[in-house]
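Note that this is a predicted model, so its numbers are computed, not measured.
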Amino acid sequence: MSTPPLTPPRLEALILDYNGVIGLQPTPHMWNRLAALAGWPADRSADFETAFWARRTPYDAGEIDTHTFWNGLLHGRLTAPRGSALLDALRSTDAEMWTHTDEAVLRVLQVTHTTGLPMIILSNAPHPLADVLDRTPWCSTLISKTVYSARLGVNKPDPRAYEAALAAAGWPDPAHTLFVDDRRENCTAAARLGLRTLHFDGTSQALATHIPQLVHAAGIRGT
């Protein structure tokens with residue numbers, strides 16, 4: 001007589017990164033548009049992107065504000081004083097280009113939502129993006145709580161970020177909590193705290209097979 005294969009225990013919570021999991025990466029056109037707004041020549045858009053990421057960590061952590069972030073990125077003689085139309089445009093254009101979502105992933109989360117599983121967003125994101133994401137229909141409908149680095153004051157992979165997400169989920173057992181991120185170093189840090197992890201490769205089916213509630217309900221082959 002054969003023994004049925006063991007399946008993972010039901011999850012108590014699902015903690016998800018936003019960009020690279022739910023959110024799609026900006027297109028080259030979006031980067032070019034933002035670079036042009038910041039005064040960078042069209043042939044130096046790649047240099048702008050490098051400079052952008054070099055300054056992003058303290059902005060995501062809430063250590064510098066929007067004016068300070070962009071003040072060091074404007075090219076040539078361009079200026080964007082506090083309260084200026086240009087600063088508002090930079091803020092809104094930057095936030096908007098991160099709001100495009102993977103509809104296949106959202107469909108998995110919509111089904112997961114019907115199981116009652118708490119879902120938490122844990123994302124490195126500055127204040128303007130955090131505010132925009134919280135207002136999106138999918139976030140306000142599907143997500144139980146959101147934890148953003150700028151509001152918390154630390155970025156992943158700092159352990160305090162994962163602890164804040166666990167607190168937002170009501171302190172589930174880490175061994176029964178799945179953390180999903182497209183960055184391996186973030187998954188490694190979560191695993192050190194005892195969380196189950198999925199290094200997301202962009203495949204929504206892979207996400208579904210790591211959620212036991214869906215595996216049991218739909219007969220999906222689990223991992």
Side-chain angles (χ1 to χ4, degrees), residues 3-24 98-125 129-152 154 156-157 159-183 186-223:
T3 302
L6 294 176
T7 57
R10 290 172 67 85
L11 294 179
E12 296 178 14
L14 176 61
I15 301 175
L16 300 138
D17 177 35
Y18 170 68
N19 187 51
V21 177
I22 300 171
L24 298 173
W98 301 103
T99 59
H100 301 270
T101 53
D102 186 329
E103 294 306 309
V105 172
L106 284 183
R107 285 194 292 272
V108 172
L109 299 187
Q110 286 163 357
V111 178
T112 304
H113 179 68
T114 67
T115 72
L117 181 69
M119 291 187 285
I120 310 298
I121 294 292
L122 175 59
S123 176
N124 289 351
L129 178 57
D131 294 342
V132 168
L133 291 178
D134 274 351
R135 293 194 296 268
T136 60
W138 65 263
C139 186
S140 59
T141 301
L142 302 177
I143 303 302
S144 306
K145 296 282 182 66
T146 55
V147 179
Y148 299 109
S149 55
R151 297 175 183 171
L152 186 62
V154 295
K156 291 175 295 182
R160 290 173 291 177
Y162 306 97
E163 291 165 356
L166 288 168
W171 291 109
D173 183 343
H176 292 179
T177 302
L178 178 65
F179 172 71
V180 184
D181 200 295
D182 66 322
R183 292 183 177 272
N186 292 340
C187 290
T188 299
R192 291 195 190 104
L193 296 176
L195 283 82
R196 293 163 57 186
T197 64
L198 170 61
H199 180 216
F200 188 68
D201 65 358
T203 307
S204 61
Q205 182 67 10
L207 174 60
T209 60
H210 279 73
I211 302 174
Q213 279 87 328
L214 301 189
V215 173
H216 290 302
I220 299 172
R221 183 178 178 183
T223 57

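Between Thr101 atom OG1 and Leu24 atom CG the span is 6.5 Å, to the nearest 0.5 Å. Note that CD of Glu12 and OG1 of Thr177 are 6.0 Å apart. Values are rounded to the nearest 0.5 Å. Rounding to the nearest 0.5 Å gives a distance of 7.0 Å between NE2 of His210 and CG of Leu178. Considering OG of Ser123 and CG of Asn186, their distance stands at 10.0 Å, rounded to 0.5 Å. Interatomic distance, Leu122 CG to Leu16 CG, rounded to the nearest 0.5 Å: 9.5 Å.
Across all their heavy atoms, Ala208 and Leu214 have their closest contact at O-CB, 4.0 Å. Shortest non-hydrogen contact noted between Leu152 and Ala161 is CD2-CA, 3.6 Å. For the residue pair Leu133 and Cys139, the shortest heavy atom distance occurs at O-CB, 3.2 Å. Closest heavy-atom contact between Ala13 and Pro172: CB-CG, 3.7 Å. Between Ala190 and Phe179, the shortest heavy-atom contact is CB-CD2, 3.5 Å. Residue Val147 comes nearest to Ala168 through the heavy atom pair CG2-CB, 3.9 Å, listed as atom of the first residue, atom of the second, then distance.
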* Test side-chain contact (heavy atoms from CB on, under 4.5 Å) on Leu142 and Gln110 and set out the steps. => CA-CA 7 Å; Leu142 302 177; Gln110 286 163 357; 3.8 Å; yes
* Asked: Taking it one step at a time, do Ile211 and Leu117 satisfy side-chain contact (heavy atoms from CB on, under 4.5 Å)?
  -> CA-CA 10 Å; Ile211 302 174; Leu117 181 69; 4.2 Å; yes
* **side-chain contact (heavy atoms from CB on, under 4.5 Å) evaluation trace for Leu198 with Cys187** => CA-CA 7 Å; Leu198 170 61; Cys187 290; over 6 Å; no
* To do: Might you work through the side-chain contact (heavy atoms from CB on, under 4.5 Å) test for Arg192 and Thr188, ending with a clear yes or no?
  => CA-CA 6 Å; Arg192 291 195 190 104; Thr188 299; 3.6 Å; yes
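Leu207 is listed as a side-chain neighbour of Leu109, based on a closest heavy-atom distance under 4.5 Å. Taking 4.5 Å as the limit, some side-chain heavy atom of Arg196 sits within range of a side-chain heavy atom of Leu11. For the pair Leu193/Pro174, no side-chain contact is recorded, criterion being any heavy-atom separation below 4.5 Å from C-beta on.
The residue from Val105, Thr209, Val21 that alone fulfils the side chain to side chain contact (heavy atoms under 4.5 Å, CB included) condition with Ser204 is Val105. Of the candidates Asp102, Asp17, Ile121, Ile22 forms a side chain to side chain contact (heavy atoms under 4.5 Å, CB included) with just one, namely Ile121.
Annotation: salt bridge (Lys or Arg N to Asp or Glu O under 4.0 Å) contacts involving residues 170-183, sequence neighbours excluded, comprise Lys156-Asp181, Arg183-Glu185. Among residues at least two apart or in separate chains, salt bridge (Lys or Arg N to Asp or Glu O under 4.0 Å) pairs with a member in residues 132-141 are Asp134-Arg151.
Between Trp138 and Tyr18, the ring planes lie parallel to each other; the angle is under 30°, not in the 30° to 60° tilted range.
For Tyr148, the ring pair (Phe, Tyr, Trp, His ring centres under 6.0 Å) criterion is met by no residue, not counting sequence neighbours.
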